[in-house]
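Everything below concerns the one structure shown next.
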Amino acid sequence: MPELPEVEVVRRGLVSWVRGRTIDAVEVVDPRSIRRHALGTEDFIGNLQGATVGDVVRRGKFLWMPLLDTGAGAPAGTRESAGVPQVALMAHLGMSGQLLMQGGDVPDEKHLKVRFRLSPRSGMPDQLRFVDQRIFGGLFVTGLVPTDDGGPGGLGESPLPLIAGEAAHIARDPLDPAFSFDLFYRRLRKRKTGLKRALLDQGLVSGIGNIYADEALWRARLHYARPTDTLRRAEAERVIAEAREVMLDALAAGGTSFDSLYVNVNGASGYFDRSLNAYGREGLECKRCAAIGVSSRMKREQFMNRSSYTCPACQPRPRNGRW
């Protein structure tokens, strides 16, 4: 499943291609991919056809495109009449979902599910395609609601204080300019849990998945079972800073997915997995310890039906750890 940097790669790719373009036509090839749109195919198409994509926004791993009505006009006094969107197209990539820009002359992908024909723009493909082999992802139209802190809904090109309803429950992520470390730390200290469990809690901080949690903890020299209520402010600042840096490094490389099905909007795979320091390195030498002449091999432990990777030397197990 794509993690935050991979979704951000898609967002950055999409915004340059679709922002400001009108959806001229919608073709639902496989209704299973819009199953989350409760009112069905006809309503899905009716909400999208003729709308203009105002932006591409991401919070955590949630991705949505605010839509502006370019039809006969919105009712006077509404947000939309003032050029403010009321609804958005929500994209859930699932395990294998891809949003691909293609020209009309490009043959359909084997697992094409939904096709959007966009208004012409010089030098740009005219189709946005949702392709999904495993059909765990999907698309649906949802309402936009005000953010609880008055800040932008997420990372996007415009600062509108609106968020897709389905994403309103999750916290901001470390790449979001509106992320508040003070709020994060206050909430963290109130938890009585292990540090990695807290990092994976989307209500506390969003977008840090299993891979990036292991990488951030390794860089911060902290064990995943460290009790959160014992974490000093400087340690919490360090782990968030490292989470931000590891995700920025992944963005530069295009993502971490080990799944060959994951590609960005132009169809290019990410290569950051080649630079991982912790995740997937069971039995291999810790790179940091080896650099100073210490022999220590990375250890894998079961964690929440997943795996955690640590170095026994530079990430020692804490006393009274919370597993």
Side-chain angles (χ1 to χ4, degrees), residues 1-6 8-9 173-175 179 181 184-185 188-189 191-201 204-259 262 269-323:
M1 180 177 291
E3 297 209 37
L4 181 150
E6 294 165 332
E8 177 61 13
V9 167
D173 63 74
L175 296 186
F179 175 81
F181 174 80
F184 164 78
Y185 185 61
L188 180 73
R189 288 279 296 180
R191 307 290 173 98
K192 293 187 180 297
T193 188
L195 180 53
K196 184 173 177 179
R197 284 182 182 271
L199 293 176
L200 297 179
D201 182 348
L204 180 64
V205 56
S206 67
I208 303 178
N210 195 49
I211 296 173
Y212 292 102
D214 279 357
E215 292 299 305
L217 290 167
W218 182 87
R219 292 189 183 200
R221 299 174 181 248
L222 293 168
H223 193 278
Y224 68 88
R226 173 72 179 272
T228 54
D229 53 343
T230 71
L231 207 65
R232 295 185 291 272
R233 185 181 178 90
E235 292 173 318
E237 287 178 334
R238 191 165 78 238
V239 75
I240 287 297
E242 296 296 358
R244 183 180 295 113
E245 287 304 309
V246 76
M247 288 192 284
L248 288 172
D249 288 347
L251 270 173
T256 65
S257 182
F258 294 95
D259 191 331
Y262 176 75
S269 297
Y271 296 98
F272 184 67
D273 60 284
R274 300 177 185 176
S275 303
L276 296 175
N277 292 303
Y279 189 86
R281 301 193 72 249
E282 180 185 14
L284 300 177
E285 282 195 332
C286 171
K287 297 178 183 179
R288 178 167 51 226
C289 291
I292 59 173
V294 174
S295 179
S296 179
R297 297 192 176 274
M298 299 297 294
K299 182 178 180 181
R300 179 178 70 86
E301 295 178 294
Q302 288 296 315
F303 175 81
M304 295 175 62
N305 297 318
R306 309 178 201 181
S307 295
S308 277
Y309 297 85
T310 58
C311 170
C314 59
Q315 294 174 274
R317 290 166 68 95
R319 294 181 179 180
N320 303 317
R322 295 200 173 102
W323 310 96

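Side-chain atoms are counted along with the backbone in the values below, which use heavy atoms only and exclude waters and symmetry mates.
- Remark: R288 pairs with no residue by the salt bridge (charged side-chain N to carboxylate O under 4.0 Å, His left out) rule, at least two apart or across chains.
- Listed by chain and residue number, nothing satisfies the side-chain hydrogen bond (donor to acceptor under 3.5 Å, both in side chains) test with R319 (two or more places apart in sequence, or in another chain).
- Pairing each heavy atom of L200 with each of G209, the nearest pair is CD2-C, 3.6 Å.
- For the pairing with P5, the side chain to side chain contact (heavy atoms under 4.5 Å, CB included) check across L251, I211, L248 returns one residue only, L251.
- Under the side chain to side chain contact (heavy atoms under 4.5 Å, CB included) criterion, A220 pairs with L222, R238, V239, E242, sequence neighbours left out.
- D249 has a carboxylate O that lies under 4.0 Å from a charged side-chain N of R219, or vice versa, which qualifies the two as a salt bridge.
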Could you walk me through whether W218 and V246 satisfy the side chain to side chain contact (heavy atoms under 4.5 Å, CB included) test, starting with their C-alpha distance in whole Å, then the side-chain angles of each, then the deciding distance to 0.1 Å, before giving a yes or no? CA-CA 11 Å; W218 182 87; V246 76; over 6 Å; no
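- Remark: E237 engages R233 in a salt bridge, criterion side-chain N to carboxylate O under 4.0 Å.
- R197 is linked by a side chain to side chain contact (heavy atoms under 4.5 Å, CB included) to T193, F303, M304, counting only residues two or more places apart in sequence or in another chain.
- Using bins of under 30°, 30° to 60° and over 60° for the plane-to-plane angle, the ring pair F184/F181 lands in the tilted bin.
- Remark: side-chain polar atoms of E285 are not paired, donor with acceptor, to backbone N or O of S295 under 3.5 angstrom.
- For the side-chain hydrogen bond (donor to acceptor under 3.5 Å, both in side chains) test, no residue two or more places apart in sequence or in another chain qualifies with E245.
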Do E282 and M298 pass the side chain to side chain contact (heavy atoms under 4.5 Å, CB included) test, and can you show the C-alpha distance, the side-chain angles, and the key distance before you say yes or no? CA-CA 5 Å; E282 180 185 14; M298 299 297 294; 5.7 Å; no
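- Applying the ring pair (Phe, Tyr, Trp, His ring centres under 6.0 Å) rule to Y309 yields the partners Y279; only residues at least two apart in sequence or on another chain are considered.
- Residues C314 and P316 approach most closely at C-CD, 3.4 Å, considering heavy atoms.
- Among residues two or more places apart in sequence or in another chain, the side chain to side chain contact (heavy atoms under 4.5 Å, CB included) test is passed with A313 by C289, S296, C311.
- A search for side-chain hydrogen bond (donor to acceptor under 3.5 Å, both in side chains) contacts involving S307 returns R300, not counting sequence neighbours.
- Contact detail for R281 and C286: the closest heavy-atom pair is NH1-CA, 4.4 Å.
- Screening T310, D214, T228 for a side chain to side chain donor-acceptor pair (under 3.5 Å) with K196, the sole residue that qualifies is D214.
- Taken from CD in E8 to CE in M247, the straight-line distance is 10.5 Å, to the nearest 0.5 Å.
- N210 contributes atom CG, which lies 6.0 Å from atom OG of S308 (distance to the nearest 0.5 angstrom).
- Here the shortest heavy-atom pairing between P227 and N320 reads CG-O, 3.3 Å.
- When every heavy atom of L188 is checked against every heavy atom of A236, the shortest pair comes out as CD2-CB, 4.1 Å.
- In this structure, the separation between CG on L276 and CG on L284 is 11.5 Å, given to the nearest 0.5 Å.
- Closest approach of P174 to I208, counting heavy atoms only: CG-CD1, 4.0 Å.
- Remark: R191 engages D201 in a salt bridge (charged side-chain N to carboxylate O under 4.0 Å, His left out) (not counting sequence neighbours).
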Please lay out, stage by stage, how Y212 and L199 fare under the test side chain to side chain contact (heavy atoms under 4.5 Å, CB included). CA-CA 10 Å; Y212 292 102; L199 293 176; over 6 Å; no
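- For the atom pair CG (L4) and CG (L175), the distance works out to 5.5 Å, reported to the nearest 0.5 Å.
- Under the 30°/60° scheme for interplanar angles, the aromatic rings of H223 and W323 are found to stand perpendicular.
- Among residues two or more places apart in sequence or in another chain, the salt bridge (charged side-chain N to carboxylate O under 4.0 Å, His left out) test is passed with E235 by R226, R232.
- Qualifying salt bridge (charged side-chain N to carboxylate O under 4.0 Å, His left out) partners for R317, counting only residues two or more places apart in sequence or in other chains: E301.
- Here R322 pairs with D229 under the side-chain hydrogen bond (donor to acceptor under 3.5 Å, both in side chains) rule; sequence neighbours left out.
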